[in-house]
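These notes concern the structure reproduced below.
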Amino acid sequence: MKKILMFAVVALMVIFLGACSGDGDESSSDNSSDNNAEATDGTEETEEADSSGETKTIRAGIGLNEDHPQYKGLLKFKEIVEEKTDGAIVVETYASGQLGDDRTMTEALQLGSQEVTIPSTAPLANFVPEYSIFDFPFLFPDEETADAVLDGEVGQKFLDMLEDQNLVGLAYWENGFRDLTNSKREVATAEDFEGLKIRTMENDLHLDAFRALGANPTPMAFTELFTAMQQGTVDGQENPVATIYLEKFYEVQDYVSSTHHVYSPFVFLMSKKFYDGLTDEQQTIVRDAALEAGKYERKLNREANEKYVEDLQNEGMTYTEITPEARQEMVDIIQPVLDEYTEKIGEDLVQEVYDAIDEASK
């Protein structure tokens, strides 16, 4: 009897312990499942918050001051991007060379330590030699032709060349037709260039063209230019009239000539490292914004150039209109320089640009 009772007790204990063990596993499994679900939900919520709440910053620097149409165009770009991205991308703007000169800022884009700059095409020839074509004197006959070529297939072809330099070209803006100023004498003909110390951008074609005209060209950062003219280190410089007026070059220069020797586009550049880190939608937004703001900047620039010719004269500068005959003489003098650079750039590419200009001029 005692043995039977003992077996019964043992059997009951085994059944009881087995039941307890089963409940515990199920409870542990349920709790684990719930906890994992909560943890997964929490992680997803965190990832969604990081994705939607992350703010990307574009530091956009230019060499010109805040009164220039280029800076106003940059503010338009900022407005469009911040509105279209609901603040997911913030644009910080820096004028007057606060982040360096054109070359320094372009190199910063390559390294990914700056996001946007908008240099003229001339310094870009140091990175992509083919860009020297845009510095061929007297290449574009007028602004409308320049727009058609730059905004067309040929212009895009040149923008695509920048990717190998870790740069993304989003659009062409406008610096404009470059004119000559100096503190020595009126320049009306090619021979008047003789001996003038002229600051140019860091561009070999510019240097060689001015040498052919008899001038002594000196490459120099734009941020150093005003002081150099003030101290007589250089006699003059060449820039569109909007830049000449807004940078107050009339304070240290006496003569301005409508040489219109080069039509100078700006190129809206973005760091490839930054651009590649944007979503497809964000890439579309910044590209469209650069184009829209560029049209706005061109309009402002052309209006400003018309006004500033009169303003420069009111400030005491002597304005000299270059005759077609005098301009043609300059073209003839520099033709050997153009022939030399045509060989360097590639005759087929140069011809493609000239063909596009001819087509746009019809």
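These values consider heavy atoms only, across backbone and side chains, with no hydrogens, waters or symmetry-generated copies.
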message = Using 30° and 60° as the class boundaries, would you call the ring planes of Phe268 and Phe77 parallel, tilted or perpendicular?
response = tilted

query = For the hydrophobic clusters of this structure (ILVMFWY residues joined by side-chain heavy atoms under 4.5 Å, transitively), does one cluster hold both Ile198 and Met201?
reply = no

query = Side chains of Tyr255 and Ser183: is there a donor and an acceptor less than 3.5 Å apart?
reply = no

message = Run the salt bridge (charged side-chain N to carboxylate O under 4.0 Å, His left out) test against Glu83 and tell me which residues pass, sequence neighbours left out.
response = none

ask   = Aromatic rings His261 and Phe210: how do their planes relate, parallel, tilted or perpendicular, breaks at 30° and 60°?
value = perpendicular

key: Sequence neighbours excluded, every pair satisfying salt bridge (charged side-chain N to carboxylate O under 4.0 Å, His left out) that has a member inside residues 352-362   = Lys157-Glu352, Glu359-Lys362

ask   = So, Tyr263 versus Glu174: side-chain donor-acceptor pair below 3.5 Å or not?
value = yes

inquiry  = Between Glu303 and Asn305, is the side-chain hydrogen bond (donor to acceptor under 3.5 Å, both in side chains) condition met? List the steps.
reply    = CA-CA 6 Å; Glu303 292 172 351; Asn305 282 334; over 6 Å; no

ask   = Between Ala290 and Leu170, what is the shortest heavy-atom contact and its length?
value = CB-CB, 3.8 Å

key: Reference residue Val267; test side-chain contact (heavy atoms from CB on, under 4.5 Å); the match among Leu167, Thr106, Leu124   = Leu124

ask   = Passes ring pair (Phe, Tyr, Trp, His ring centres under 6.0 Å), Phe134 versus Phe158? Steps please.
value = CA-CA 10 Å; Phe134 295 119; Phe158 278 87; 4.9 Å; yes

key: Cation over ring face, Lys344 and Tyr341, 6.0 Å, 45°   = yes

query = When rounded to the nearest 0.5 angstrom, what is the spacing between CG in Asn65 and NZ in Lys248?
reply = 8.5 Å

ask   = Would Asp101 and Thr104 count as having a side-chain donor-acceptor pair, cut-off 3.5 Å?
value = yes

ask   = To the nearest 0.5 Å, how far apart are OG1 in Thr233 and CE in Met220?
value = 6.0 Å

task = Carefully, step by step, assess Leu269 and Val116 under the rule side chain to side chain contact (heavy atoms under 4.5 Å, CB included).
result = CA-CA 6 Å; Leu269 295 179; Val116 162; over 6 Å; no

request  = State yes or no: are the ring centers of Tyr245 and Tyr250 separated by less than 6.0 Å?
outcome  = yes

message = Does either side chain, that of Asp280 or that of Gln282, offer a donor lying less than 3.5 Å from an acceptor on the other one?
response = no

message = Can you tell whether the side chains of Asp151 and Arg298 come within less than 4.0 Å, N to carboxylate O?
response = yes

ask   = Would you say the side-chain atoms of Glu297 and Gln70 include a donor-acceptor pair closer than 3.5 Å?
value = no

task = Taking the side chain as every heavy atom from C-beta outward, state whether Leu312 and Ile244 have any pair of such atoms under 4.5 Å apart.
result = yes

key: Of Arg185, Lys184, Gln253, Met229, the residue whose pairing with Asp235 passes side-chain contact (heavy atoms from CB on, under 4.5 Å)   = Lys184

query = Relative to each other, are the rings of Phe266 and His68 parallel, tilted or perpendicular (30° and 60° limits)?
reply = perpendicular

query = Is the closest side-chain donor-acceptor distance between Ser120 and Asn175 under 3.5 Å?
reply = yes

key: Spatial distance of atom CD1 (Ile62) from atom CD (Gln98) [nearest 0.5 Å]   = 9.5 Å

task = Ignoring hydrogens and angles, tell me if any N or O in the side chain of Asn126 forms a donor-acceptor pair with the backbone of Pro123 under 3.5 Å.
result = yes

inquiry  = Is it the case that the side chains of Thr320 and Glu186 hold a donor-acceptor pair, with the cut-off being a distance below 3.5 Å and no angle test?
reply    = yes

note = Rounded to the nearest 0.5 angstrom, the CG-CZ distance for Leu109 and Phe127 is 9.5 Å

task = Determine, stepwise, if the pair Lys76 / Tyr71 fulfils side chain to side chain contact (heavy atoms under 4.5 Å, CB included).
result = CA-CA 9 Å; Lys76 174 63 72 173; Tyr71 186 75; over 6 Å; no

task = Compare all side-chain heavy atoms of Phe136 with those of Val337 and state whether any distance is below 4.5 angstrom.
result = no

message = Is a donor from one side chain sitting under 3.5 angstrom from an acceptor on the other, for Asp339 and Thr342?
response = no

key: Between OG on residue Ser361 and CZ on residue Phe140, distance to nearest 0.5 Å   = 9.5 Å

request  = Identify the residue among Lys56, Arg59, Lys272 that makes a salt bridge (charged side-chain N to carboxylate O under 4.0 Å, His left out) with Glu115.
outcome  = Arg59

ask   = Taking the side chain from Ser257 and the backbone from Val187, do they hold a donor-acceptor pair closer than 3.5 Å?
value = yes

